[in-house]
Protein chains: 2
Amino acid sequence: MVGRREALRTELLASVREAARDQLRAVGPADLSLRAIARDVGISPAGLYRYYDGRDALLTMLITDGYTDLADHLFLAQGLAEEVSDLGRTRQVPEAADADAPPLDRLRATWRTYRTWSLAHPNEFHLLFGQPIEGYAAPLDGATTRANARMARALVLPAYVAWQSGDLDVPDLADPPHGLHRLAEAISEEAPVPVSASFAARTLAWWSVLHGAVALELNGQFRWLDEDATGDLFAATLEATLDAARPD
Amino acid sequence: MVGRREALRTELLASVREAARDQLRAVGPADLSLRAIARDVGISPAGLYRYYDGRDALLTMLITDGYTDLADHLFLAQGLAEEVSDLGRTRQVPEAADADAPPLDRLRATWRTYRTWSLAHPNEFHLLFGQPIEGYAAPLDGATTRANARMARALVLPAYVAWQSGDLDVPDLADPPHGLHRLAEAISEEAPVPVSASFAARTLAWWSVLHGAVALELNGQFRWLDEDATGDLFAATLEATLDAARPD
DNA sequence: ATCTTATGTGGACAGTGTTCACGAAGAAAG
DNA sequence: CTTTCTTCGTGAACACTGTCCACATAAGAT
């Protein structure tokens, strides 16, 4: 049986969570005000400490939420609805691909969703990928790291599938540097079939293009282009990246 | 003749500037404390307003300084010492290429310097490319934008040179999107010879790889790799990018 | 009915950026 | 040399911020 007290607690926990997300949507991670959140929930600033132990705990929770939300969108975009645990909130993803679609199309949809999500949630993007807040260090074994790894998996997986199905070709490096072997091992633990060091490196390179294009656009480095030109640029960048890995 | 008063003013202006840069090296743009800077200079917080009109002015100055410093390093790396106005501070750039070196080597050196500088100045990197500070908007016609454009030129120039000398090949897009033509025009104004829309798009794609690789590394997304592995990964990423544009 | 534990509060402390009235010192004009 | 004007710098104040602590008030358990 659930006591009346416990019920109120989980309800207030959810309230705070929602208020924090609402505020993050408006003001950016650095200006996230603990006192304003307390005001929104209708509680005193000190009382908030009974639920989240200070600002760092709030940020930890927001970061974890951000990673899982992004990962959900990425999984849905490539047609892997079974990977997302909590449907309902992530229901309306614009371009959810069919799981039977060609691997390259699913990869494309995943990459486009990375941009779409980031443009729609700029503050979350900066919270996840921007500078760490004032010496805030995520607990390495905590939920944050797990959510981060899941997001990385959602990003690597479609590239891996396209590679396995022969739609992407990655030339083997003549002399793969030492460190990349360990990277390949790390990725291989997640993948069904071991990947080569060359493929592992190439995957991170693809993430780099993707991330850099989004980060530069979001930061306003392309502000002298008009709105739709940035979309065209992004599409051209992705196609160029894929062309470089076309088999033939 | 320069009055005694004016001399003191320029000296104090420089003092504040140095104190601000020192503090930025330590604490990150969001925690940059105006009062701490005033303490360092030995002035009251209110007195600082006679020199810089509030925190935004300080940030504007730091951003401008950051862009020019990065641009100087990039120009020196490709062997264009004549482009940097204020030598002396930027004297010791690790890998200053000869102006007669092969274009591809100069391009490589420039890209490597982008990473080196960013890893050496993480807070400046976040200030320049991270999220805009609490609704801070750079004046569009101001010095900030000029310094930003100069940095972009330092980044585009070596790619342009390599392209002109035939060391880089960029396939023409079959149907270049509308917005990219205007992008090409904008770049062409800076370059000696007009560039195609395809080349313009490809240049920004290269910047995206470069920027994304650095941003992800700096943000700790590669933290599960060991130190030297990230260097190897970066080198592999650059070579893969160049390989995709090899003529033959 | 008593005891224990969780919950919430107001007050305080040390910070922050910014504004304002006011005094002191340099520069210029009589 | 004296007066006027402008710049410089200060201390106090205001409205914020995150965090901590003693204290009262409830709920749950014995």
Side-chain angles (χ1 to χ4, degrees), chain A residues 1-17 19-20 22-24 26-63 123 127 131-138, chain B residues 1-17 19-20 22-24 26-63 123 127 131-138:
Chain A
M1 168 190 174
V2 48
R4 171 169 40 172
R5 197 163 209 166
E6 194 171 346
L8 287 179
R9 168 163 253 272
T10 60
E11 186 179 355
L12 194 45
L13 264 171
S15 259
V16 171
R17 188 162 159 172
D22 279 5
Q23 213 201 331
L24 181 59
V27 296
D31 298 339
L32 198 136
S33 164
L34 186 143
R35 289 181 114 103
I37 294 177
R39 265 193 303 271
D40 280 15
V41 185
I43 210 178
S44 87
L48 225 167
Y49 277 72
R50 306 284 174 182
Y51 297 89
Y52 290 93
D53 189 17
R55 234 181 62 140
D56 280 17
L58 257 313
L59 289 178
T60 304
M61 165 275 206
L62 283 174
I63 291 175
N123 291 325
L127 179 62
Q131 85 156 5
I133 310 273
E134 61 165 318
Y136 165 83
Chain B
M1 166 186 175
V2 50
R4 173 168 41 175
R5 197 162 209 166
E6 194 172 346
L8 286 180
R9 167 163 254 272
T10 60
E11 187 178 354
L12 194 45
L13 264 171
S15 257
V16 171
R17 188 162 158 172
D22 279 7
Q23 212 201 333
L24 180 58
V27 297
D31 298 339
L32 199 134
S33 164
L34 187 142
R35 290 180 114 104
I37 295 178
R39 264 193 303 270
D40 279 14
V41 185
I43 211 179
S44 89
L48 224 165
Y49 277 72
R50 306 284 173 181
Y51 297 89
Y52 290 93
D53 189 18
R55 233 179 64 138
D56 280 17
L58 257 313
L59 288 178
T60 304
M61 165 274 200
L62 284 173
I63 291 175
N123 290 326
L127 179 63
Q131 82 157 7
I133 309 273
E134 60 165 314
Y136 164 83

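In this structure, B:Arg39 reaches the C:dT16 phosphate: one of its side-chain N or O atoms is under 4.0 Å from OP1 or OP2. Phosphate contact (OP1/OP2 of D:dT7, side-chain N/O of B:Arg9, threshold under 4.0 Å): absent. Of the side-chain N and O atoms in A:Tyr51, one or more sit less than 4.0 angstrom from OP1 or OP2 of C:dG8. Distances shown here put a side-chain N or O of A:Ser33 below 4.0 Å from the OP1 or OP2 atom of D:dG18.
Counting only heavy atoms from C-beta on, A:Tyr49 has its side chain closest to D:dC20 among D:dG11, D:dC20, C:dG17. Candidate nucleotides C:dT9, D:dC8, D:dG9 were compared by shortest atom distance to the side chain of A:Ile43, and C:dT9 ranks first. Proximity note for A:Arg55 (side chain, C-beta onward) versus C:dG10, D:dG18, D:dT10: the nearest is D:dG18. Nearest nucleotide to the side chain of A:Arg50, out of D:dC8, C:dT16, D:dA22: D:dA22.
The structure places CG of B:Leu32 at 9.5 Å from CG of B:Asn123, a figure rounded to the nearest 0.5 Å.
Rounded to whole Å, the distance from CG on B:Leu48 to C1' on C:dT19 is 14 Å. Atom CG in A:Leu13 sits about 13 Å away from atom C1' in C:dA6, given to the nearest Å. A:Asp53 has its CG atom 12 Å from the C1' atom of D:dG18, to the nearest Å. Between B:Tyr52 atom OH and C:dT18 atom P the separation is 15 Å, expressed in whole Å. Rounded to an integer number of Å, the gap from A:Glu11 CD to C:dT7 P is 14 Å. Atom CG of A:Leu34 is separated from atom C1' of D:dC16 by 13 Å (rounded to the nearest Å). Look at CG on A:Asp31: it is 12 Å from C1' on C:dT16, rounded to the nearest Å.
Contact annotation for B:Leu32: backbone-only contact, meaning every heavy-atom pair under 4.0 Å involves sugar-phosphate atoms and none involves a base. B:Leu8 comes within contact range of no nucleotide atom at all, as no heavy-atom separation falls under 4.0 Å.
Across all non-hydrogen atoms, the minimal contact from B:Gly28 to A:Gln131 is CA-OE1, 4.4 Å. The nearest pair of heavy atoms linking A:Ile63 to A:Leu127 is CG1-CG, 3.7 Å. Smallest separation of non-hydrogen atoms from A:Leu34 and A:Gly54: CD1-C, 4.0 Å.
No donor-acceptor contact under 3.5 Å links the side chain of B:Arg35 to the base of C:dG15.
At distances below 3.5 Å, not a single donor-acceptor pair connects side-chain atoms of B:Arg17 with backbone N or O atoms of B:Met61.
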